[in-house]
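The structure appears right after this line, and notes come after that.
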Amino acid sequence: MRYLAFLFVNAVFYSLAAKIKQTFQFMKKILLATGGGDCPGLNAVIRAIVKSAKKHGGYEVYGSIEAFNGVLSDPLQIVKLTPKKVAGIHVRGGTIIKTTNKGNPLTYPTQLPDGTWTTRNICADLTKKIQDLGFDAVVNIGGDGSQKISQVLFEQGLNIIGVPKTIDNDLSATDLTFGFSTAVQIATDSFDKLVTTAESHHRVMLMEVMGRDAGWIALHTAIAGGAEICLIPEIQYDIKKVVQKINKRYEKGKGFVNIVIAEGAMPLDGKAFGVKSKDIGDEHVKLGGIANFLKHQIEESGCSAQVRTTVLGHIQRGGTPIAFDRILATAMGVKAFELIETNDFGKMVTFRNNGISCVDIKEAIKAPKLLSLDHYLVRTAKSIGVSFGD
Ligand code: F6P
């Protein structure tokens with residue numbers, strides 16, 4: 001009898017052990033990375049992927065801290081993302097796995113023995129390291145720069161999915177990116193606050209918003225906020241036309257003017273205002289200063305009205321995502337997981353024609369999405385009297 005009991009316990013033990021081994025052997029590992037500037041909605045994407053993975057079963061999700069720097073650093077900076085860890089984070093701005101615009105693996109900064117810095121492409125090493133760590137799939141959440149990295153890693157053999165992110169909304173493959181609508185809401189709320197001062201003091205109020213190559217935030221804010229002038233990177237402005245519009249508003253007595261200007265806007269035959277970043281590994285030119293330059297131009301033109309400038313800056317990227325962005329980010333996270341499930345790698349999630357789908361990353365990174373003169377919102381703005389300085 002005791003012998004039979006011994007056999008039974010033994011059998012149960014070994015079958016349990018085999019089950020545990022089997023489960024862990026087939027547990028797939030997903031690595032998430034968020035790269036580039038932070039953006040409201042990143043956390044909602046992370047949460048959606050973790051929750052989808054949990055619901056599906058058979059997956060573990062990890063996050064590389066500060067884009068791929070977490071994988072490259074020694075010791076590794078990779079955190080396990082459990083449903084408990086991501087609970088409720090969809091309402092929070094920023095990204096719980098941090099982000100950076102330093103350390104692009106295509107031009108990775110490397111210090112030479114003489115102390116000077118050079119760059120090298122470390123994508124092959126990065127791919128190998130991620131694979132050696134046992135990750136079956138990677139989701140890279142980021143803008144055009146990040147998706148260019150995704151494409152190279154995909155070509156190196158990495159199972160990667162891209163999720164588009166940018167408040168600038170300038171990715172051509174997707175009608176909208178999460179974070180953009182939140183940025184427009186913040187900019188519009190701020191603009192409304194400046195309008196009251198413009199009216200009360202008969203001033204020209206200038207608000208500089210983000211928008212490196214594209215004027216999506218500026219244009220949406222101009223229409224929603226009721227600006228008289230909207231200056232965007234796609235249309236070089238003629239200062240004479242801008243001053244004409246301002247003077248017209250003051251001709252009939254005490255007027256006021258509200259202007260929204262994208263950071264990447266530029267005067268005729270001019271170039272965008274900015275300075276090269278001093279940070280090692282950050283190749284971006286930091287834009288800013290066009291509003292103050294325009295103020296100077298308006299004052300030089302002899303305009304007697306007082307001109308004030310506000311540079312909105314990173315306020316536009318901060319705080320909680322609005323409901324729409326939480327929803328869009330969640331839907332994109334779920335789609336990213338579905339693409340992993342179907343082994344559909346090398347794809348970037350998109351939002352087009354009111355639906356979620358995907359495109360090849362190499363298509364998505366071909367060209368930025370810029371405003372054209374015949375875009376319906378440019379025509380809308382022009383029809384209600386908004387000047388683009390053209
Ligand atoms: O690309 C998004 C963006 O917000 C741009 O509009 C802006 O020029 C840039 O990031 C600012 O980057 P940083 O956070 O490095 O100053």
Side-chain angles (χ1 to χ4, degrees), residues 33-42 45 66-67 69 93-95 97-104 107 109 140-150 162-174 176-188 190-191 207-222 230-234 260-266 271-293 310-319 321-322 325 328-329 348 364-365 367-371:
T34 50
D38 69 330
C39 176
L42 286 168
V45 179
E66 280 189 10
N69 287 346
T95 158
I97 52 173
K98 316 295 175 195
T99 186
T100 183
N101 33 30
K102 295 191 278 183
N104 181 345
T107 50
N140 193 16
I141 314 161
D144 58 338
S146 300
Q147 300 315 333
K148 280 175 186 150
I149 297 167
S150 300
V163 175
K165 166 250 47 157
T166 164
I167 64 157
D168 289 2
N169 197 36
D170 58 358
L171 286 168
S172 56
T174 185
L176 280 173
T177 41
F178 58 83
F180 167 68
S181 302
T182 300
V184 169
Q185 192 59 54
I186 294 169
T188 303
S190 310
F191 195 77
M207 188 174 87
E208 182 177 309
V209 295
M210 283 187 171
R212 168 171 285 278
D213 305 304
W216 296 100
I217 297 176
L219 176 60
H220 280 72
T221 305
C230 173
L231 304 176
I232 58 176
E234 295 91 332
V260 56
I261 182 165
E263 61 181 357
M266 57 194 101
K271 56 183 179 65
F273 271 68
V275 283
K276 172 106 188 55
S277 170
K278 287 196 185 80
D279 292 338
I280 289 161
D282 184 357
E283 303 132 6
H284 274 118
V285 169
K286 299 290 148 199
L287 294 184
I290 185 65
N292 279 324
F293 177 72
T310 300
V311 179
L312 217 48
H314 294 81
I315 299 270
Q316 289 155 95
R317 279 193 351 212
I322 61 169
D325 280 336
L328 180 60
M348 187 186 86
I365 56 176
K369 184 177 66 192
L370 304 179
L371 275 164

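Start at 1 and go down the list; that is how both ligands and their atoms are numbered.
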Work out whether the distance between some heavy atom of Gly143 and some atom of ligand 1 is less than 4.0 Å. no

Nearest non-hydrogen protein atom, atom 7 (C) of ligand 1: Glu263 OE2, 3.2 Å

With heavy atoms and a 4.0 Å threshold, my read on which part of His284 contacts ligand 1 is neither

Asn69 side chain to Lys102 main-chain N or O, any donor-acceptor pair under 3.5 Å? yes

Is Asp168 touching ligand 1 with its side chain, its backbone, both, or neither, if touching means heavy atoms under 4.0 Å apart? side chain

With a 4.0 Å cut-off on heavy atoms, is Leu287 touching ligand 1? no

Report yes if some heavy atom in the side chain of Leu171 is under 4.5 Å from a heavy atom in the side chain of Asp144; otherwise report no. yes

Closest protein heavy atom (residue, atom, distance) for atom 15 (O) of ligand 1: Lys286 NZ, 2.6 Å

Atom CD1 of Ile141 and atom OG1 of Thr34: how far apart are they, to the nearest 0.5 Å? 6.0 Å

Numbering as shown, the atoms of ligand 1 that approach Arg212 to under 4.0 Å (heavy-atom distance): 8 (O)

Is the closest heavy-atom distance from His314 to ligand 1 below 4.0 Å? yes

Between the main-chain N or O of Val285 and the side-chain N or O of Arg212, is there a donor-acceptor pair closer than 3.5 Å? yes

For the side chain of Glu208 and the backbone of Ile290, is there at least one donor-acceptor N/O pair under 3.5 Å apart? yes

For atom 3 (C) of ligand 1, what's the nearest protein heavy-atom neighbour? Residue, atom name and distance, please. Arg317 NH1, 3.7 Å

